[in-house]
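Let me begin by presenting the structure, written as structure tokens, before commenting on it.
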Protein chains: 2
Amino acid sequence: MVNTGGRPARLNLDRILDEAREIVAADGVEKLSMRRLAARLDSTPTALYHYVRDKDELLAELIASADLHIDAAALPEGGTERLVALCERMHRLFVAHRWAIPVLATGVAVNARGAWLTNEILTALTERGLTPSEAFLAHETLWYFTAGHALLAHRHRRHDAAAPPHYTSAPQARGLAMIEELAPVSGDLARDYSFTTGLRHLLDGTLPRERGA
Amino acid sequence: MVNTGGRPARLNLDRILDEAREIVAADGVEKLSMRRLAARLDSTPTALYHYVRDKDELLAELIASADLHIDAAALPEGGTERLVALCERMHRLFVAHRWAIPVLATGVAVNARGAWLTNEILTALTERGLTPSEAFLAHETLWYFTAGHALLAHRHRRHDAAAPPHYTSAPQARGLAMIEELAPVSGDLARDYSFTTGLRHLLDGTLPRERGA
DNA sequence: ACCTGAACACCGTTCAAGT
DNA sequence: ACCTGAACACCGTTCAAGT
């Protein structure tokens with residue numbers, strides 16, 4: 001338990017964050033605890049409190065120092081396809097760092113690469129004809145949908161064995177015409193649905209134009 | 001600690017769920033623990049495991065037995081306004097039962113009233129011109145946005161005192177034109193943004209029509 | 001300044017034992 | 001069948017004490 005040669009005994013924020021990142025990558029955030037982290041660093045849980053105020057601050061530091069490598073060169077040059085590609089990048093980052101989403105929602109600072117992505121999306125929106133203010137509002141909607149999808153789109157039950165059909169013909173669906181109609185095909189339809197499906201809804205609208213508009 | 005008259009000693013699922021609901025309503029889900037729940041029932045944590053397999057099942061039962069009173073009479077009769085009103089109802093339910101959202105995402109069964117609301121939204125979508133399959137896909141998008149917004153739209157930091165402006169002019173924003181331009185007004189714009197703003201984006205599209213389309 | 005050890009106030013879950 | 005008590009394997013955080 002006591003440090004004897006080899007690894008340096010003294011802590012610093014970088015060592016703490018590196019080790020924390022390793023735990024999250026290998027076992028998920030749910031396995032990141034002050035106690036486990038300290039043990040991995042041959043230290044004590046309480047020693048960590050000299051470097052971060054609490055666990056929330058540790059998570060915020062983890063996000064601020066995250067390596068968000070975005071390959072800007074691979075993006076389409078302009079138009080709607082660039083916007084779609086940027087949103088897909090954002091979605092992929094969120095899926096990879098799902099645990100960070102609720103922390104981001106509290107308003108913690110992102111790093112330069114995260115800010116760059118936001119700026120690119122805002123720019124792409126204005127290039128498609130929105131004013132800066134409209135682009136801001138559109139980005140809010142994109143954020144909620146993208147984060148929501150990244151966070152919630154894995155119907156993995158812990159028990160109950162095989163995944164049930166999306167809409168069941170269970171007793172509570174009796175007499176509900178649309179659900180009864182969709183029940184047999186909802187599984188296939190759900191498989192067709194992707195983040196990009198929803199993204200297109202968001203950009204182009206889900207409803208047909210009102211006649212005369 | 002031991003039961004002496006007054007309340008009945010024997011447990012049953014209804015008593016357990018009622019007490020659990022009271023804890024969640026009064027103190028939030030984070031305060032709902034098997035131990036606290038058992039103590040409130042003058043019982044032991046382990047006794048609860050005769051009625052539910054684990055805590056996840058307790059939460060699923062809580063959702064299945066939730067009282068989702070939806071005032072159908074107060075809804076507009078038809079058209080887009082009915083659809084908007086239904087989605088706003090769904091949003092309000094999600095905000096009131098925020099803790100249930102991640103559980104719902106795993107695919108647990110909702111009760112008859114929840115199924116009714118889904119059916120009404122699907123019906124409203126078809127009445128606006130979508131095929132049943134298109135309505136299903138549109139409902140998926142609505143669900144992710146609505147759940148995402150309900151879950152993530154409260155920028156409440158635990159520390160750092162006053163809420164910071166939405167887009168800061170922090171070092172990481174240097175040279176990012178749109179963020180720098182929006183920084184001074186982002187606070188006001190964020191205040192203007194509501195669930196309904198995003199909902200309209202979703203239904204009507206955020207982008208202007210391509211010319212010639 | 002940096003770190004330890006003990007302590008406080010908690011968790012979910014299993015399992016053998018009692019009635 | 002229904003319930004208890006002890007136990008296992010954990011949590012985040014505070015605080016007095018050591019160097």
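Within every chain, numbering begins at 1; the chains are lettered A, B, ... in the order of the sequence lines, protein sequences first and strands thereafter.
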Consider the side chain of A:Arg10, meaning its heavy atoms from C-beta on, and name the nucleotide among C:dT13, D:dC3, C:dC2 that approaches it most closely.
-> C:dC2

Taking atom P of D:dC2 as reference, at what distance in whole Å does atom CG of B:Asn12 sit?
-> 10 Å

Closest listed nucleotide, where the reference is the side chain of B:Pro45 and the choices are D:dT4, C:dT13, C:dC2 | C:dT13

Among D:dG12, D:dT4, C:dT4, which nucleotide sits nearest the side chain of A:Ser43?
-> C:dT4

Between D:dG12, C:dC3, C:dT4, which nucleotide has the shortest distance from any of its atoms to the side chain of A:Tyr49?
-> D:dG12

Which of D:dT14, C:dT13, D:dC2 is nearest the side chain of B:His50? It is D:dC2

CD of A:Glu30 versus P of C:dG12: gap in Å, rounded?
-> 16 Å

How long is the line joining CG of A:Leu13 and P of C:dC3, in whole Å?
-> 12 Å

Flag, side chain of A:Glu180 to backbone of A:Gly175, donor-acceptor distance under 3.5 Å = yes

Spacing of the P atoms in D:dA9 and C:dC10 (rounded, Å) | 23 Å

note: B:Asp56, atom CG; C:dT13, atom P; distance rounded to Å ~ 7 Å

Under 3.5 Å: donor-acceptor pair, side chain of A:Asp204, backbone of B:Gly205 | no

Considering residues, nucleotides and ligands other than A:Arg174, do more than 12 of their heavy atoms fall under 6.0 Å from its CZ?
-> no

Where is the tightest heavy-atom contact between A:Leu176 and B:Trp116, given as atom of each residue plus distance?
-> CD1-N, 3.8 Å

Is there a donor-acceptor contact under 3.5 Å from the side chain of A:Gln172 to the main chain of B:Val110?
-> yes

Length of the line joining B:Leu41:CG and D:dC3:P, which is rounded to integer Å | 11 Å

Between D:dA7, D:dC3, C:dG5, spot the one nearest the side chain of B:Arg35, thanks.
-> D:dA7

Ignoring the backbone of A:Ala47, work out which of C:dT4, D:dC2, D:dA6 is nearest its side chain.
-> C:dT4

A:Arg36 side-chain proximity, nearest of D:dT14, C:dC2, D:dC10 = D:dC10

Non-neighbouring partners of A:Asp192 that pass salt bridge (charged side-chain N to carboxylate O under 4.0 Å, His left out), sequence neighbours left out = none

With a 3.5 Å cut-off and just heavy-atom distances, do the side chain of A:Thr44 and the base of C:dG5 make a donor-acceptor pair?
-> no

Could you state the CG-P distance from B:Leu58 to C:dG12, rounded to the nearest angstrom?
-> 10 Å

Has the side chain of B:Ser33 got a donor or acceptor atom sitting under 3.5 Å from an opposite partner on the base of C:dG12?
-> no

note: B:Arg53, atom CZ; C:dG12, atom P; distance rounded to Å ~ 17 Å

Side chains of B:Asp67 and B:Arg113: closer than 4.5 Å at any heavy-atom pair?
-> yes

When you look for runs of 3 or more Watson-Crick or G-U pairs in a row, both distances below 3.5 Å, which of them include DNA chain D?
-> C:4-8 with D:12-16, C:12-16 with D:4-8

Mind checking whether B:Leu142 and B:Cys87 have side chains closer than 4.5 Å, heavy atoms only?
-> yes

Would you mind reading off the distance between A:Lys55 atom NZ and D:dT13 atom C1', rounded to a whole angstrom?
-> 12 Å

